[in-house]
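All values reported here derive from a predicted model rather than from experimental measurement. By convention in this document, chain letters (A, B, ...) are assigned in the order of the sequence lines, proteins followed by strands, and residues within each chain are numbered from 1. Atom set for the values below is all heavy atoms of this structure, side chains included, hydrogens, waters and symmetry mates excluded.
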Amino acid sequence: MGIGLGVARVLAEAGAHVVISSRKAEDCARIADELRTGGLSAEGRACHIGRMEDIASMSAHLKDRHGGLDILVNNAVLSPWRSIDDTDETLFMKAMEVNMRGNWYLSVEATKLMKPRGGGSIVNISSVAALHPDKMLALYSTFKTAMIGMTRSFALEYGEFGIRVNTILPGLIDTKLAKAFEGEEMKKIICGTPLRRIGKPEEIGYAVLYLSSPAGAFVTGAGLVIDGGASIASH
Amino acid sequence: MPLTGQTALVSGAARGIGRAIALRLAREGADVALMDLNPAVDETARRIRALGRKAVAVQTDIADATAVREAVARIAAELGPVDLLVNNAGVVKNIASVEKMTDDAWQNELGVNLTGAFNLVRATVGGMAERGFGRIVNISSVAARGGLARQVGYSATKAGLLGLTHTVALEYARKGVTCNAVLPGMVETENVKAMPQEIRDAAIAATPVRRFGEPEEIAALVVFLCGDEAGYITGAEIDISGGGHLNTIALGSRKDISGR
């Protein structure tokens, strides 16, 4: 389970209808089926946020089918493992289109769908790598930092419409990506984390739920680090 | 109820944000110890008992380490050891420029806002670590980062709480204790309600969501941080300001935002 699915599950369990979105339609449908089998309300709909036409089509669907949107979680990301020297312009632009332009314009569309409802919640999933970058992940780290700036700017401009925009900065979470770290390497990560464990996808979900519920109604432009204390330990 | 069986300690619980936090913790099932020099703290205790929870109100000067140790022992005897500590007490003794800040005011603000929080942490965290569970929430302020003209003691002590937060988080994470900081912006407390209307209007205009926060909203964040679902959050600093902490002075945007 990735962070996106962890968030989707928590929001669905709290009563939301969740549109599961990813690049591949069959993946979206499979996850939505899984949630529906568990008695939750979900649908799958493919959207490649690197493509402007996909964003437009998602926005139209949300408007026509659901009459708007209450919560947007920007979780999709492209994270190529590459040194800066090896990062050519094509790769840069591809990462920019997904990690920056995609999140930006999906958020802009969301604000249009939220305004008539008197507000909404946008949660941007950044990373502790935004503050403490990793080698070989410069494109990921850089655009995760940009997400913090995007969060603050959107919060400032859309606050008066009741639209709140916040960012979560997860540390290492137990997903497919974490499986890449094994044995000694994982031991080192856990030793460097004050709580001595990695996080669970649903722990990011709970924070999205808090930020998007009435309990979080005065929180906007905030960044919430969820990393078991790892970032205060190593810097 | 999620906090049933737990004992909470809230400093500065007679009024405002502290009272809202204490009441909310009680509604979630916790028994609550209240500390405040203001006798109105007894009224908060009465309201908690009316909710069916146990409450102890102690009028303790938290700047006094000995008094804090004695009070914590008394709380432990009456309610059990403290599981949840909320360092909320804060004072502003003098609204004055740095040069005009008096020694007394500085020492008093330092004593209550920072030493008081340290005293309370020191008196309770060892027990939390022994039992393998604890939650500490420090109520800082957006002034910790942005500063506050003519309130040097307040902003400096609120920034000091962030250092306290990080260090406690680091030292006690392995023992099951998390420690986080909450940074409120303008909140509708008695003091804020009493501000001149023109100052209130200007501050609201500079707040992206166009209103001040309610004490209950700060309490909701504290309850979230005390719950199981926030178990992976430690050493964090969380702004809760309606966007008021965003730098609205930069690049002329304050003019835009208040000109609407």
Side-chain angles (χ1 to χ4, degrees), chain A residues 10 119 128 149 151-174 191 193-207 209-211 213-235, chain B residues 24 162 165-180 182-188 205 207-214 216-221 223-225 227-248 250 253 256-257 260:
Chain A
V10 169
V128 288
T151 299
R152 294 165 63 91
S153 295
F154 273 66
L156 198 56
E157 287 203 21
Y158 293 102
E160 65 181 297
F161 302 104
I163 299 169
R164 297 180 301 99
V165 189
N166 293 288
T167 179
I168 293 175
L169 290 77
L172 190 60
I173 304 296
D174 191 3
C191 277
T193 304
L195 284 178
R196 292 296 187 276
R197 65 175 176 89
I198 62 174
K200 303 171 204 154
E202 59 269 30
E203 290 179 309
I204 307 305
Y206 299 140
L209 179 61
Y210 162 73
L211 290 170
S213 73
F218 198 53
V219 185
T220 194
L224 176 48
V225 175
I226 306 184
D227 70 343
S231 56
I232 49 169
S234 46
H235 301 274
Chain B
R24 180 66 197 273
L162 301 182
T165 300
H166 298 160
T167 306
V168 173
L170 272 181
E171 286 191 22
Y172 289 93
R174 294 179 72 175
K175 309 284 171 63
V177 180
T178 69
C179 181
N180 293 292
V182 168
L183 287 70
M186 298 290 278
V187 175
E188 293 280 10
T207 304
V209 300
R210 297 290 191 276
R211 65 175 176 89
F212 293 156
E214 294 298 329
E216 290 72 21
E217 293 180 308
I218 312 303
L221 178 52
V223 164
F224 172 66
L225 290 170
D228 287 340
E229 295 184 344
Y232 202 55
I233 304 176
T234 194
E237 304 169 3
I238 307 169
D239 294 290
I240 174 162
S241 67
H245 68 286
L246 301 166
N247 190 357
T248 52
S253 63
D256 287 346
I257 201 167
R260 278 180 179 278

Could you measure the distance from the [atom1] atom of [X] to the [atom2] atom of [Y]? Nearest 0.5 Å is fine.
X: A/L224; Y: B/I240; atom1: CG; atom2: CD1; answer: 11.5 Å
X: B/L162; Y: A/I232; atom1: CG; atom2: CD1; answer: 11.5 Å
X: B/E216; Y: A/F218; atom1: CD; atom2: CZ; answer: 12.5 Å

Handout entry: Top of A/R196, A/K200, A/E203, A/E202 for chain B proximity - count of heavy-atom pairs under 4.5 angstrom
Key =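 Highest number of pairs under 4.5 Å: A/R196.
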Exercise for the section: Return the option, out of A/A217, A/A215, A/A155, A/G223, with the maximum number of heavy-atom pairs under 4.5 Å with chain B. Expected result: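 Option with the greatest count: A/A217.
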List the atom of [X], the atom of [Y], and the distance in Å for their closest heavy-atom pair.
X: A/L156; Y: B/P208; value: CD1-CG, 3.6 Å
X: A/Y206; Y: B/F224; value: O-CE1, 3.8 Å
X: B/A169; Y: A/P194; value: O-CB, 4.2 Å

Exercise for the section: Find the one option among B/R174, B/E237, B/K175 whose heavy-atom pairs under 4.5 Å with chain A are most numerous. Expected result: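 Counting heavy-atom pairs under 4.5 Å, the top option is B/R174.
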Handout entry: Most contacts with chain A, counted as non-hydrogen pairs under 4.5 angstrom, among B/V187, B/T178, B/L183, B/D239
Key =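 Greatest number of close heavy-atom pairs with chain A: B/D239.
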Exercise for the section: Answer yes or no: is there a donor N or O on one side and an acceptor on the other, between the side chain of B/Y232 and the main chain of A/G199, under 3.5 Å? Expected result: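 Flag set: sc B/Y232 to bb A/G199 pair under 3.5 Å.
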Practice task
Check each atom of A/I204 against the heavy atoms of chain B and say whether the ones under 4.5 Å are side chain, backbone, both or neither.
Solution key: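 The answer is neither part of A/I204.
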Handout entry: Contact origin within A/T193 toward chain B - heavy atom pairs under 4.5 Å
Key =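 Contact with chain B: side chain only.
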Problem - B/E214 portion near chain A, given a 4.5 angstrom heavy-atom threshold - result: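 B/E214 has no heavy atom closer than 4.5 Å to chain A.
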Problem - Test side-chain contact (heavy atoms from CB on, under 4.5 Å) applied to B/I233 and A/L195, A/D227, A/I168, A/I226, the passing residue - result: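 Only match with B/I233 under side-chain contact (heavy atoms from CB on, under 4.5 Å): A/I226.
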